[in-house]
There are 2 protein chains.
Amino acid sequence: MKLTPVSERFILHWGEMGSRWGVNRTVSQIHALLYIAGRPLPADEITDTLGVARSNVSNSLKELQGWGLISVVHLMGDRRDHFETTGDVWGLAHAIFKERKKREFDPTVDFLRDCVNSPDYGKEEKDAQKRIAATLQFMETVSSWGDELLKLDPETLMKVMKLGAKIQKLIRG
Amino acid sequence: MKLTPVSERFILHWGEMGSRWGVNRTVSQIHALLYIAGRPLPADEITDTLGVARSNVSNSLKELQGWGLISVVHLMGDRRDHFETTGDVWGLAHAIFKERKKREFDPTVDFLRDCVNSPDYGKEEKDAQKRIAATLQFMETVSSWGDELLKLDPETLMKVMKLGAKIQKLIRG
DNA sequence: ATGTAAATTCTGTATAAACAGAAATATTCC
DNA sequence: GGAATATTTCTGTTTATACAGAATTTACAT
């Protein structure tokens with residue numbers, strides 16, 4: 001697949017940012033490619049377009065499935081797997097947010113709960129106890145807030161975001 | 001500094017999660033230590049407590065300063081630098097959120113703006129153009145929402161979070 | 001100035017992640 | 001069943017990061 005200049009830049013940028021987002025370059029490049037392509041692509045076409053090893057593509061596709069970002073589809077008269085991603089940026093953001101929360105946030109909330117319930121907890125300095133408890137409480141609040149937001153439909157969430165700081169007035173009133 | 005069992009677990013957990021959060025283990029361990037200690041520590045004490053090389057501590061402290069998570073203080077009659085972090089979980093979350101947004105989000109928003117304004121943009125498939133534009137618009141909305149939230153004081157933000165999904169009613173009404 | 005403590009930078013090593021290419025496995029068609 | 005195609009797993013290499021320990025620099029005291 002021949003890439004236009006903008007597509008190419010897009011894919012390269014996505015790949016570079018990937019490392020900051022905790023996913024490797026090839027994985028994010030493949031995702032970007034599928035997003036730009038807007039149609040299901042077979043692994044070989046991804047391989048050719050990005051110029052990486054076929055095995056690398058295979059593993060990366062697996063990881064993207066683990067993130068819930070791509071799905072396999074089949075085309076009539078073609079035995080190859082084809083891969084596609086949502087063209088809908090909301091769906092994407094939803095999947096990414098959900099998965100990152102699960103991987104980066106929830107384990108620590110669980111851990112902190114465990115700490116606080118541990119028999120050793122009382123042996124801690126009073127100040128340290130306070131800070132740990134406050135951290136847990138804070139993270140629990142953020143966590144359930146996140147879950148709530150994930151439940152909202154795009155339109156509502158968009159309104160919430162557009163509201164921005166003006167929400168203060170609603171709360172006070 | 002002798003660590004209690006919970007403190008030790010806390011620091012180790014923080015260190016492990018660090019890699020998922022994009023910072024290395026020593027960096028996050030040091031931060032956790034300062035957070036638990038609740039008082040300014042000199043580099044040597046950090047070195048001894050964590051059992052890592054002095055040079056490693058030095059570099060990690062630099063990185064934590066880059067994140068705006070620690071500050072240097074001096075104690076009377078002691079020439080050594082001492083390092084401390086906010087004991088306030090809100091302050092912490094604020095600093096982390098702000099910095100992550102800056103590093104992981106804003107560059108892509110800038111990049112997408114650049115794409116859309118590029119002379120090559122028109123050569124793109126109509127569908128791809130739409131998706132890129134939608135991505136930009138979405139990320140811009142999220143970005144300014146983030147900025148707004150960062151401006152709110154903790155109490156208000158807490159109320160917003162506690163409100164959760166019930167915010168829908170406020171919006172409709 | 002010279003010595004001493006503190007902090008940083010430099011250099012090499014170890015570790016882990018990413019990746020290519022080969023080999024092996026699975027799938028579908030005849 | 002066997003050939004052809006598609007996919008995954010395995011193995012070794014490369015590359016990037018983390019780190020220790022040494023060397024250097026900086027800051028301060030006398």
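Note: hydrogens, waters and symmetry copies are ignored here, and every other heavy atom, side chains too, is used. Quantities reported herein were computed from a predicted structural model and do not represent experimental measurements.
An OP1 or OP2 oxygen of C/dT9 is reached within less than 4.0 angstrom by a side-chain nitrogen or oxygen of B/Lys62. Close to C/dA17, at under 4.0 Å from its OP1 or OP2, lies no side-chain N or O of A/Asn24.
Side chains of A/Ser7 and A/Thr4: a donor-acceptor N/O pair is present below 3.5 angstrom, by distance only. Neither side chain, A/Thr86 nor A/Tyr35, offers a donor N or O lying under 3.5 Å from an acceptor on the other.
D/dC28 atom C1' lies 13 Å from atom CG of B/Asp78, rounded to whole Å. Taking atom CG of B/Asp44 as the reference point, atom C1' of D/dA20 lies 15 Å away to the nearest angstrom. Summarising the geometry, the separation between CZ on B/Arg25 and P on C/dA17 is reported as 11 Å, rounded to the nearest angstrom. Whole-Å rounding puts the A/Glu45 CD to D/dT5 P distance at 18 Å. Whole-Å rounding puts the B/Glu63 CD to C/dT9 C1' distance at 16 Å. Look at CD on A/Gln65: it is 12 Å from C1' on D/dT8, rounded to the nearest Å. When rounded to the nearest whole Å, the span between CG of B/Leu61 and C1' of C/dA6 equals 13 Å. Between A/Arg80 atom CZ and C/dC29 atom P there is a gap of 14 Å when expressed in whole angstrom units.
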Tabulate protein N/O versus nucleotide N/O from nucleotides 20-24 of chain C, keeping only pairs under 3.5 Å, one per line.
{"residue": "C/dA20", "atom": "OP1", "partner": "A/Ala53", "partner atom": "N", "Å": "3.4"}
{"residue": "C/dA20", "atom": "OP2", "partner": "A/Ala53", "partner atom": "N", "Å": "2.6"}
{"residue": "C/dA20", "atom": "OP2", "partner": "A/Asn56", "partner atom": "ND2", "Å": "3.0"}
{"residue": "C/dA20", "atom": "N7", "partner": "A/Ser55", "partner atom": "OG", "Å": "3.2"}
{"residue": "C/dG21", "atom": "N7", "partner": "A/Ser55", "partner atom": "OG", "Å": "3.3"}
{"residue": "C/dG21", "atom": "O6", "partner": "A/Ser55", "partner atom": "OG", "Å": "3.0"}

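Taking the centre and axis of the six-membered ring of A/Trp67, the NZ or CZ atom of A/Arg100 falls outside the cone set by 45° and 6.0 Å.
Side-chain atoms of A/Val6 and B/Lys123, non-hydrogen and from C-beta on, never get closer than 4.5 Å to each other. With a 4.5 Å cut-off on side-chain heavy atoms, B/Val52 and B/Ile30 do not count as touching.
Here the side chain of A/Ser58 is nearest to one of C/dT8, D/dT8, C/dA6, namely D/dT8. Side chain of B/Ala43, nearest nucleotide from D/dC19, C/dA7, D/dT7: C/dA7.
B/Val72 and B/Leu64 fall within the same hydrophobic cluster, where Ile, Leu, Val, Met, Phe, Trp and Tyr residues are linked whenever their side-chain heavy atoms come under 4.5 Å apart, directly or through other members.
The residue among A/Arg79 and A/Ser60 whose nearest nucleotide of DNA chain C lies closer to the 5′ end is A/Ser60.
In this structure, B/Trp14 and B/Trp21 have perpendicular ring planes: the angle between them is above 60°, well past the 30° mark.
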